[in-house]
Amino acid sequence: MNTETEEVADEYIRTGNVTQSAIEAGYKQAHVQGSQNLEKLSVKEYIAIRLKQVETTTQMSQTEALELLAKFARGDVKETVVVGTTMGAETVEKELDHKTQLNAIKEVLRFSKFSNDITEQQVRKAKADADMAEAKVKLLDGNNGEIQPEG
């Protein structure tokens, strides 16, 4: 894939407009050539790889989100506000209001409950799997490896 084609693909990722992307890359018949480029397997693969890279670098992880919410809930984050004074406007840092902190606390607790629910489900599943494995061992025990019904 040449540099011009990469430019079209990168611009297309940014704008979603194939014709404009081809114009930016210098194509004379932008609509036709841009559309043809998007049909090429190498361009499709390039776009998929680039989109995955963008997604990886721009998405916030659950851990990051939870850490930020916890900072809001604790009041560790300050808010910058503009205050009018007799001398003009002044920026001041202030603590988050209680409503914002309360909302952050609710979100942290909601996530925590969701996380605990998942953990409990995983524990129940693991216990059920262990019980089934134990039952299979009992059925196999003494029967030369063949499963025999109890009775």
Side-chain angles (χ1 to χ4, degrees), residues 1-84 88-137 139-140 145-147 149:
M1 194 162 73
N2 63 34
T3 307
E4 197 173 58
T5 306
E6 281 185 16
E7 286 177 21
V8 172
D10 287 335
E11 188 68 17
Y12 178 73
I13 290 167
R14 195 176 71 71
T15 66
N17 184 323
V18 67
T19 302
Q20 188 60 40
S21 302
I23 290 169
E24 293 291 326
Y27 285 105
K28 301 292 185 244
Q29 297 177 334
H31 179 70
V32 174
Q33 291 172 302
S35 295
Q36 287 173 345
N37 275 332
L38 288 183
E39 294 300 316
K40 295 177 184 174
L41 182 60
S42 61
V43 175
K44 288 179 181 181
E45 289 173 345
Y46 176 81
I47 289 173
I49 290 167
R50 295 287 291 149
L51 285 173
K52 189 69 174 168
Q53 290 170 341
V54 168
E55 180 182 308
T56 302
T57 58
T58 58
Q59 279 192 340
M60 178 182 275
S61 72
Q62 287 180 347
T63 303
E64 288 175 298
L66 194 56
E67 287 172 355
L68 186 56
L69 278 171
K71 286 180 181 181
F72 288 161
R74 286 189 204 102
D76 294 341
V77 176
K78 303 294 183 208
E79 182 177 20
T80 304
V81 293
V82 177
V83 178
E90 183 180 322
T91 58
V92 178
E93 283 197 357
K94 71 173 195 86
E95 291 186 11
L96 296 175
D97 61 73
H98 294 296
K99 185 177 178 181
T100 301
Q101 286 182 292
L102 184 59
N103 284 336
I105 290 168
K106 286 178 183 177
E107 288 300 314
V108 168
L109 291 175
R110 190 169 63 100
F111 180 81
S112 178
K113 180 183 179 340
F114 174 74
S115 185
N116 287 339
D117 288 348
I118 289 174
T119 303
E120 288 173 16
Q121 290 171 6
Q122 289 170 334
V123 168
R124 277 198 309 271
K125 183 182 181 311
K127 284 181 181 178
D129 289 345
D131 290 345
M132 287 181 66
E134 188 176 312
K136 285 180 183 177
V137 167
L139 289 173
L140 290 171
E146 295 179 18
I147 296 177

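Computed from a predicted model, the values in this text were never measured in an experiment. In what follows, every heavy atom counts, from backbone to side chain, and hydrogens, waters and symmetry copies are set aside.
Under the salt bridge (Lys or Arg N to Asp or Glu O under 4.0 Å) criterion, no residue pair touches residues 25-40, with sequence neighbours excluded.
Residues passing the side chain to side chain donor-acceptor pair (under 3.5 Å) test with Glu11, sequence neighbours excluded: Arg14. Residues forming a salt bridge (Lys or Arg N to Asp or Glu O under 4.0 Å) with Glu45 (at least two apart in sequence, or on another chain): none. Among residues two or more places apart in sequence or in another chain, the side chain to side chain contact (heavy atoms under 4.5 Å, CB included) test is passed with Ile23 by Thr19, Gln20, Ala30. Evaluation of the side chain to side chain contact (heavy atoms under 4.5 Å, CB included) rule for Glu67 yields Thr63 as partners, not counting sequence neighbours. Applying the side chain to side chain contact (heavy atoms under 4.5 Å, CB included) test to Glu7 and every residue at least two apart in sequence or in another chain returns Thr3, Ala25. Looking at residues two or more places apart in sequence or on another chain, you find a side chain to side chain donor-acceptor pair (under 3.5 Å) between Asp10 and Tyr46, Arg50. Judged as a side chain to side chain contact (heavy atoms under 4.5 Å, CB included), and not counting sequence neighbours, the contacts of Leu51 are Ile13, Ile47. Annotation: side chain to side chain donor-acceptor pair (under 3.5 Å) contacts of Glu90 (sequence neighbours excluded): none. Taking Asp97 as the reference, nothing meets the salt bridge (Lys or Arg N to Asp or Glu O under 4.0 Å) condition, with sequence neighbours excluded. Asp131 pairs by the side chain to side chain donor-acceptor pair (under 3.5 Å) definition with nothing, not counting sequence neighbours. Every salt bridge (Lys or Arg N to Asp or Glu O under 4.0 Å) that Lys52 has, sequence neighbours left out, goes to Glu55.
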